[in-house]
Each structure stands twice: as C-alpha cells, then as structure tokens.
Amino acid sequence: MNISGFLSDTVTSKDNPSVKRFRKLMTSKKERFHNRLFALEGSRLVFDALKNNAPVKKIFVTESALKKYADKLESIKLRDIDLIAISDELGVKIADTGKTQGIFAECAFIDKTDKLSNLKKRGRYAVLYQLQDPGNAGMIIRTADALGLDGVIFTESCDIYNPKVVRSTMGSIFRIPVYRDIPADDVFAAMDSAEINTYAAVVDRDAVDIKTVDFRNGGGIVIGNEGNGLPEEIILKCTQRITIKMNGNIDSLNAAMATGIIMWELMKFE
C-alpha cells in the first residue's frame, strides 16, 4: 500500500530539528518534562499507543520499516499525527536499543497526576516509594496491568517516562492508570478518603504473612527502595506491615518479583 501521500516530511539529516528533539527526549528527563513529551521506540510500543488512543504527536519511520508497516500506518491518516520518513541510517543513529525496528514516536504525557482524588473506593493499587530501577518500575506496571489492579502510584521514584521504564511495560503504560510524583502525604490522604487500607511491604519475620491478609476490601500495597526498603516514617503511616515468608537462607527478593507476588495476593479476593 502506498502511504507516501500523507507523509508529513522526509528527513535524512541528524541535524533536523524534529530529529534532534526526539533524540533529546530519549536521553534527557529535563527535555521530556519541558515539552511534556516522551519517546517510544519499536513497533509494539508505537502500535499499542495508537491502539489505546494515546496522544501520539509524531511518528518517525525508516524507509525499510515504511514498507513493512504500511498497512498499520495507513490508519493514522485520519488522526492529527505527523508521519515523518527517515533514512535507515538515521534510524540507527536515533535508536536507544541495539537493534532498531525502524519505527519511533513522540507521545504527550499520559500520567494521572491531577486525578489522585478520584481513586476507586476500596480499590487496589501499588504505591512505589523511592523505587529507582527503571526495569523494576516497568515490570511492576506491566504486572499490575496483567493482574487487573486499579493503578500504580509513583512517590519519589524514577521517571516513568524513562525509555527503559516505557519499554519494560511492554505497552501496559497505555492501559493502566499511572500516577507520577505524588507526595507521600497526598497518597495516604487519598487512600484514606477512598477507604483503602495501606500495607507496608517489609522484610521482617514479625510482620503479617502476605498469605494470611484479607484483601477483600481492596488495599494499597506500599513498596520501598530496592536497597533500603521503606523508611520507618512511611511504615508507621500504613495500616499494617506485611511480608513474604521465605524458606531456607533466602531473606529478600528482587523488588519487581516481590511486588508481583504481593499483587497476586491482593487480587485473589477480587
């Protein structure tokens, strides 16, 4: 299918302003927040964004990828999205991954920062406090989406628009509500208003075994930093301390793995 008729531009120079901005969105948090845009790379992310009606503003596609994705790209001609063709060489230069699929996009911010007051009554949420690893953050969003949680709330944690976070979500960032940069006090106030008990995930044999917790009225599970866990002042704000009882000499799990287990228990009573 020939889609050249609705190409907005064809670019071959790395000094093109649109290309330079896209590359900055890939590498700079400051640039992302200044423009309120983030970068997508790869066919799955780009087409998941389009499928879920995310506010995609521009799509960059290499000459080779243009032929491969022509049928899928034709659907954007009725949407207000600039489609820009770039050379295969330029696609390699702007890619953040080792092997590019030749398709990229700019998308406007999609977080729910201004809607924390609308938390679902007795809903089920994951609260990430000072979580720093982008891979863990993205995997938690993906798992929360898979299990059907009502949202993921980031407090003093990594940038949800970091390309590594976005890639790790595998498209889930477009399907589940994600709340960014919410102060801890605001989180607990919103949970209280929505009648949601909060549970501090800790490594402590005296804490309540996660398998015995009654989540039938929902809950907000609070997960701490990968290395330091939750500070005492946050633990004290929570309704209850919970833990994953472990066998043998194992005393901790990867943050994403531990959160996945707790989220599974949280959703058993849905």
Side-chain angles (χ1 to χ4, degrees), residues 1-113 134 137-138 141-142 145 159-178 180:
M1 182 176 294
N2 183 7
I3 61 170
S4 59
F6 61 98
L7 281 173
S8 302
D9 199 1
T10 300
V11 174
T12 59
S13 172
K14 62 181 177 59
D15 294 322
N16 176 274
S18 292
V19 170
K20 289 174 70 175
R21 184 175 76 170
F22 179 82
R23 189 58 190 152
K24 286 183 179 179
L25 294 176
M26 279 280 200
T27 58
S28 169
K29 178 180 178 180
K30 181 179 179 180
E31 189 75 13
R32 291 191 287 270
F33 280 72
H34 175 72
N35 291 284
R36 294 191 60 78
L37 294 169
F38 66 107
L40 307 177
E41 177 181 353
S43 61
R44 176 164 188 166
L45 276 177
V46 172
F47 291 118
D48 272 352
L50 293 172
K51 180 180 178 181
N52 288 280
N53 296 311
V56 175
K57 303 301 182 183
K58 288 184 181 179
I59 293 177
F60 300 86
V61 59
T62 63
E63 295 161 336
S64 298
L66 191 61
K67 300 173 184 176
K68 182 176 181 179
Y69 301 119
D71 288 346
K72 289 185 175 181
L73 287 170
E74 194 206 13
S75 65
I76 73 168
K77 66 184 178 182
L78 299 178
R79 299 172 63 172
D80 188 22
I81 300 173
D82 289 335
L83 180 63
I84 300 173
I86 59 176
S87 65
D88 290 350
E89 293 76 16
L90 191 52
V92 172
K93 290 184 185 299
I94 68 172
D96 190 54
T97 57
K99 188 176 181 181
T100 179
Q101 295 177 326
I103 185 164
F104 314 83
E106 283 183 9
C107 185
F109 279 10
I110 55 175
D111 57 86
K112 310 295 183 182
T113 302
I141 292 172
R142 183 183 178 190
D145 177 33
D159 174 16
I160 67 170
Y161 297 118
N162 180 307
K164 292 180 180 178
V165 174
V166 176
R167 281 200 302 273
S168 296
T169 71
M170 298 289 282
S172 288
I173 195 170
F174 303 116
R175 293 187 290 271
I176 184 171
V178 178
R180 170 183 56 80

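In this text the structure is predicted, and so the values were computed from the model without any measurement.
Inter-residue side-chain proximity for Val46 and Tyr69 is flagged as unmet; no heavy-atom pair is nearer than 4.5 Å. Residues Lys68 and Val61 form no side-chain contact, since every pair of their non-hydrogen atoms from C-beta on lies 4.5 Å or further apart. For the pair Phe60 and Asp82, the minimum side-chain heavy-atom distance is 4.5 Å or more. For the pair Gln101 and Thr62, the minimum side-chain heavy-atom distance is 4.5 Å or more. With contacts defined as side-chain heavy-atom distances shorter than 4.5 Å, the pair Ile59/Leu50 qualifies. By the 4.5 Å heavy-atom criterion applied to side chains, Arg36 and Pro55 are not counted as neighbours. At least one side-chain heavy atom of Leu40 sits less than 4.5 Å from a side-chain heavy atom of Phe174.
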(request) Decide yes or no on side-chain contact (heavy atoms from CB on, under 4.5 Å) for Glu41 and Thr100, but give the supporting numbers first. (result) CA-CA 8 Å; Glu41 177 181 353; Thr100 179; 3.8 Å; yes
(request) Apply side-chain contact (heavy atoms from CB on, under 4.5 Å) to Arg175 and Thr169, showing your working. (result) CA-CA 10 Å; Arg175 293 187 290 271; Thr169 71; over 6 Å; no
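For Arg44 against Met170, the heavy-atom pair with the smallest separation is NH1-CE, 3.2 Å. Here the shortest heavy-atom pairing between Pro134 and Lys164 reads CB-CB, 3.7 Å. The minimum heavy-atom distance between Arg32 and Asn162, with the atom names listed, is NH2-CA, 3.9 Å. In terms of heavy-atom proximity, Leu37 sits nearest to Leu25 at O-CD2, 3.6 Å. Closest approach of Ile103 and Ser43 over heavy atoms only: CG2-N, 3.4 Å. Shown here for Ala65 and Gly102, the closest heavy-atom pair between the two residues is CB-O, 3.4 Å.
Interatomic distance, Ile160 CD1 to Phe38 CZ, rounded to the nearest 0.5 Å: 7.5 Å. Atom-to-atom distance recorded for Asn16:CG and Arg23:CZ is 15.0 Å, nearest 0.5 angstrom. In this structure, the separation between OG on Ser18 and CD on Glu106 is 7.0 Å, given to the nearest 0.5 Å. To the nearest 0.5 Å, the span separating OG1 on Thr27 from CD1 on Ile94 amounts to 12.0 Å. To the nearest 0.5 angstrom, Leu90 atom CG is 10.5 Å from Phe22 atom CZ. In this structure, the separation between NZ on Lys24 and NZ on Lys30 is 10.0 Å, given to the nearest 0.5 Å.
The ring-ring contact (aromatic ring centres under 6.0 Å, His included) search around Phe109 returns Phe33, Tyr161, not counting sequence neighbours. In terms of the side-chain hydrogen bond (donor to acceptor under 3.5 Å, both in side chains) criterion, residue partners of Asn35 (sequence neighbours excluded) are, by chain and number, Glu31.
A salt bridge is defined here as a Lys NZ or Arg NE, NH1 or NH2 lying under 4.0 Å from an Asp or Glu carboxylate O, and Lys29 with Asp159 fails to meet this definition.
Heavy-atom contacts from other residues, nucleotides or ligands closer than 6.0 Å to NZ of Lys58 number more than 12.
Without hydrogens or angle criteria, Asp88 side chain to Glu63 main chain gives a donor-acceptor distance under 3.5 Å.
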